[in-house]
Amino acid sequence: MTASHSETAVFDLLDRGIQQFIWQQNWHELRDIQGQAIPLILKADRDVILAAPTAAGKTEAAFFPALSHLCQSPTPRLIVYISPLKALINDQFGRLEILCEQLDIPVWPWHGDISASRKQKFLAHPAGVLLITPEALEAMMCGRGSAVAKIFANTAYFVVDELHAFIGNPRGKQLQSLLHRIERAMGRQVPRIGLSATMGDMRLAAEFIRPGQGEAGQEAGQEAGQEAGQEANQGGRVALLTSKSDQTDLKIAIKGFLKPTPPPVPPSKDKNAEEEEPDQIIARQIAAHLFQTLRGHHNLVFPNARREVERYTLLLNDLCDSLGIAKEFWPHHGNLAKEIRTDTEIALKQSDRAATAICTNTLELGLDIGRVRAIAQVGVPPGVASLRQRLGRSGRRGEAAILYGYAIEEALDAEASLATLLRLGTVQMTAMVLLLIEKWVEPPRASNLHLSTLVQQILSVIAQYGGTTARQLFSLLCAAPAPFHAVSQAVFMNLLRQLGEQELITQDPSGLLLLGEKGEKMVNHYTFYAAFTSEEEFRVISGGKNLGSLPISQMVTVDQLIIFAGKTWRVDEIDDSHKALYVSPARGAMPPIFNGAGCRVHTRVRQKMRQLLEGDDVPSFLDPTARRFLAEAREAYRRGGLADKIILDQGREMMILTWLSDDANEAILCLLAASGVKAALAGPFVAVQKSPDLNEEGLRRRLRALAAAPLPPIPQLLAPAKNLLREKWDWALSRDALQASYASQFLDLTEAHGWLKSQTAFLGNSG
DNA sequence: GACCTGCTGCGGGTTG
């Protein structure tokens, strides 16, 4: 009774036009997160994070009260909604326009595909709802710097959608900087509303949406947020609202597959009679199982790589062909043409015909594709957070969410590596599923200095104001609580000098910083607006139709056969000057190669793997083959006595069994390298090369010495490291700054040093 | 040993 009473009270807070809209939609009650958010957002006096799964009504939870605020304001006001995807802006525009038309509030989509004339109309009357990308906002800051204060003068709210997709990466840092610069230009703070998936530590989201206020806000809130009996945190500067309706049942099955061993010598030199590779044979077996399991429903298959998306789409549709049934498997990844991707999205939305998408994480974010019956994960997922997002797509109308995992292992022959003996793929996938069940997910990395993005923002601020002093620049971008407050004045001044040397900036006699010759050129090109890098690519064209693109770095020759968009093609012509690849349909081909760096595994995952290897419990979701893999792994672990070992002799190399994150392992690797020891990353381990000067006892001594000594300064630590360029503006940094930036992004020195110190007792005993 | 995202202003031509 109290609940419905308070819900009525909340409903009454909304503007009359919005109430009517809700009646027209035949919605009988407000969703949990909406009830929580409406009174808080209406007041427009604080920042709010709304955390709920996809399709829990987050957008309405933000827009109902924000639009009510607009309706009740006597003067024209503006909501600035920021989305990481153009497709999401188009989705939201369609939905909001229906509501806003009734309220007489204009809605303005603004991104690269929107015509200049439409943008001009908004600029003439900047009020209503602006739907924009960070890059388009960046373009506004550089290109219309003097008008920024006027354009945003009436802003009542910033709404950031898919907040979790921004945290910890260059684009997120850019967004924080843009919001901060707009507020500084206006001379006041604007309430920020963040819409996010539920994350392990929501304080990181609060700290992201309002740097310097998020963490403190949470602590203050823990005392005050009790009254409503919800997870709401209403006492701090940033309010955290979490949806309670995040409870879906889970059904999980992990199936093991053994990869065949290739014959040592090819039986025949005849190309036509060439044996299938092991990768293709195992894919064929898994495809047969996927076909049998998924057919006739709506599902998503995640095989982790675009190459595999192509391989599986073709295999599955060939199975449809051979049975004479209609194709029901559709490809979806970032290199496919928009039209092909849209076809897949439409197929998923149609409920009268079965459709399964074979996809990469393009289908992880909040695009409107409806719910599917099941998710198939082929191989180890890139992270627990990612696995959870993927699974969030499954579970229709209150049904359980279903996960089919496929774990692939190699034969245990005489040459089997430690990773094969320990069945690390199966163990990691199992560990990740167990952590998912425990509701743990990786926190985003918060220590990153983001010097590359700082370079972009320095150039952008100079363009915005037509010139600025070093002092003003530092105060705007780096003085707490500005987004780059981790950057010290000394590092900042060094950076400015370096940018001067690169002719990106220059200083006039009065001391004013201006764009240099090179800086001017770069800022005035449209590629400046994105904070992230992108590869050069060939467009792939067949019969005048654009199929998508392939990385230019891939060797392609005329007459080569390739798989693309789930079909097979012959390359007819390569046009280097127009970066185009002309293809026509053909039979029999190999999937193309795309580039990519590896993903970083968290310490918690590695600990869970070790726990699994040392335990006896067999998770019930493993099939007989996966159980056998786990048993073999445990047997190898016990036989090797790995529980009591830190260093394992592997003949030519020695494995340091850290079971730490990739970031901590890479830090140990750097510590060793700086002291002259050659080492490499090996999953949960660090592999050290043996030499006449370095045996196991020598390595123990080295590790003990590293534990006892203070951490060396970064320049010394990364002195032997080469090729540290990772982000867009890294080329413009000095060696020192580049090393600092790299270390802040990829190394966990604290954890590495802590581990070394904790192991000294064991390292002391020889043998 | 992975994946994803985004992008302006202007000049010149044509049409109503």
Side-chain angles (χ1 to χ4, degrees), chain A residues 82-90 109-120 123 132-145 161-162 164-175 178 302-310 332-336 338 341 358-367 377-383 385-387 389-390 408 417 419 424-425 428 453 456 460 463 521-535 537 548-549 551 593-601 662 665-666 680-684 687 726-728 746:
Chain A
I82 299 141
S83 152
L85 301 176
K86 288 189 291 190
L88 206 53
I89 286 181
N90 298 341
W110 183 306
H111 55 64
D113 303 341
I114 304 292
S115 72
S117 60
R118 219 161 155 194
K119 292 175 180 170
Q120 284 302 330
L123 291 173
I132 194 165
T133 60
E135 287 73 19
L137 213 45
E138 185 74 69
M140 257 188 184
M141 300 298 278
C142 305
R144 306 170 201 273
D161 206 350
E162 306 279 356
H164 54 276
F166 286 111
I167 300 178
N169 56 46
R171 234 180 152 197
K173 192 45 76 178
Q174 175 189 30
L175 175 59
L178 291 168
F302 291 94
N304 290 350
R306 289 165 287 191
R307 176 185 169 84
E308 301 305 311
V309 167
E310 296 294 354
H332 200 283
H333 62 72
N335 283 72
L336 292 175
K338 196 174 153 189
R341 287 204 255 177
I358 322 298
C359 58
T360 58
N361 51 4
T362 43
L363 289 183
E364 247 177 58
L365 281 186
L367 289 184
Q377 170 66 49
V378 183
V380 181
S386 177
L387 182 61
Q389 279 285 110
R390 291 172 181 188
I408 305 162
S417 67
L424 288 183
Q428 189 177 337
T453 308
Q456 183 209 32
S460 175
K521 261 187 211 150
M522 301 192 79
V523 172
N524 287 330
H525 195 263
Y526 64 90
T527 51
F528 175 76
Y529 308 124
F532 53 87
T533 50
S534 46
E535 255 193 295
E537 289 173 333
S549 61
I593 295 164
F594 298 90
N595 303 318
C599 45
R600 314 282 283 192
V601 178
D662 284 313
N665 278 346
E666 189 170 341
L681 291 183
R726 289 296 181 280
E727 295 187 342
K728 192 170 178 179
F746 294 109

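We name chains A, B, ... by the order of the sequence lines, and we start the count at 1 in each one.
Across all strands shown, Pro382(A) has heavy atoms under 4.0 Å from base atoms, whether or not it also approaches the sugar-phosphate. Backbone-only engagement by Gly334(A) is indicated by non-hydrogen atom pairs under 4.0 Å involving sugar-phosphate atoms exclusively. In this structure, Ala136(A) reaches the sugar-phosphate backbone alone: every heavy-atom distance under 4.0 Å involves primed, P, OP1 or OP2 atoms, never a base. Ser534(A) comes within contact range of at least one nucleobase, with a heavy-atom separation under 4.0 Å. The residue Asn304(A) sits close only to the backbone: its heavy atoms come under 4.0 Å of sugar-phosphate atoms, none of a base. Among the atoms of the strands shown, none is found under 4.0 Å from any heavy atom of His525(A).
With His333(A) as the fixed residue, the side-chain hydrogen bond (donor to acceptor under 3.5 Å, both in side chains) test singles out one of Glu308(A), Arg306(A), Glu310(A): Glu310(A).
A heavy-atom distance below 4.5 Å is not found between the side chains of Asn665(A) and Arg600(A).
Of all nucleotides listed (dC3(B), dT5(B), dG6(B)), dC3(B) comes nearest to the side chain of Asn361(A). Of the candidate nucleotides dC4(B), dG1(B), dT5(B), dG1(B) has the atom nearest to the side chain of Leu681(A). Distance from the side chain of Ala139(A) is smallest to dT8(B) among dC7(B), dC3(B), dT8(B).
For the pair Ile593(A) CD1 and dC3(B) P, the interatomic distance rounds to 12 Å; values are reported in whole Å. Remark: C1' of dG1(B) and CZ of Arg307(A) are 14 Å apart, rounded to the nearest angstrom. Distance, Tyr529(A) OH to dT5(B) C1': 18 Å, rounded to whole Å. Nucleotide dC4(B) holds its P atom 10 Å from the CD atom of Glu537(A), rounded to whole Å. Atom CZ in Arg171(A) sits about 9 Å away from atom C1' in dC4(B), given to the nearest Å. As rounded to whole Å, 16 Å separates atom P of dC3(B) from atom CZ of Arg600(A). What separates CD of Glu308(A) from C1' of dG1(B) is a distance of 13 Å, to the nearest Å. Spacing between atom CZ of Phe594(A) and atom C1' of dG1(B) amounts to 16 Å, rounded to whole angstrom units.
Comparing Tyr526(A) and Arg390(A) by the nucleotide of DNA chain B whose heavy atom lies nearest to each, the residue mapping closer to the 5' end is Arg390(A).
Within the structure, a side-chain polar atom (N or O) of Thr133(A) is placed less than 4.0 Å from OP1 or OP2 of dC7(B). Contact annotation: Lys119(A) does not reach the phosphate of dG9(B) (side-chain N/O to OP1 or OP2, under 4.0 Å). Dashed line: the shortest gap from a side-chain N or O of Arg341(A) to OP1 or OP2 of dC4(B) is not under 4.0 Å. Between dG9(B) and Arg144(A), a contact under 4.0 Å exists linking OP1 or OP2 to a side-chain N or O.
You can call Phe532(A) stacked on the base of dT5(B); the centres are under 5.5 Å apart and the planes sit within 30°.
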Go through the steps for Glu162(A) and Leu85(A) under the test side chain to side chain contact (heavy atoms under 4.5 Å, CB included), then give the verdict.
CA-CA 9 Å; Glu162(A) 306 279 356; Leu85(A) 301 176; over 6 Å; no

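Nearest heavy-atom pair across Leu175(A) and Ile82(A) is CD1-CG2, 3.9 Å.
Glu364(A) and Ser386(A) share a donor-acceptor pair across their side chains, judged by distance under 3.5 Å alone. With 3.5 Å as the limit, one finds no donor-acceptor pair spanning the side chains of His111(A) and Thr133(A).
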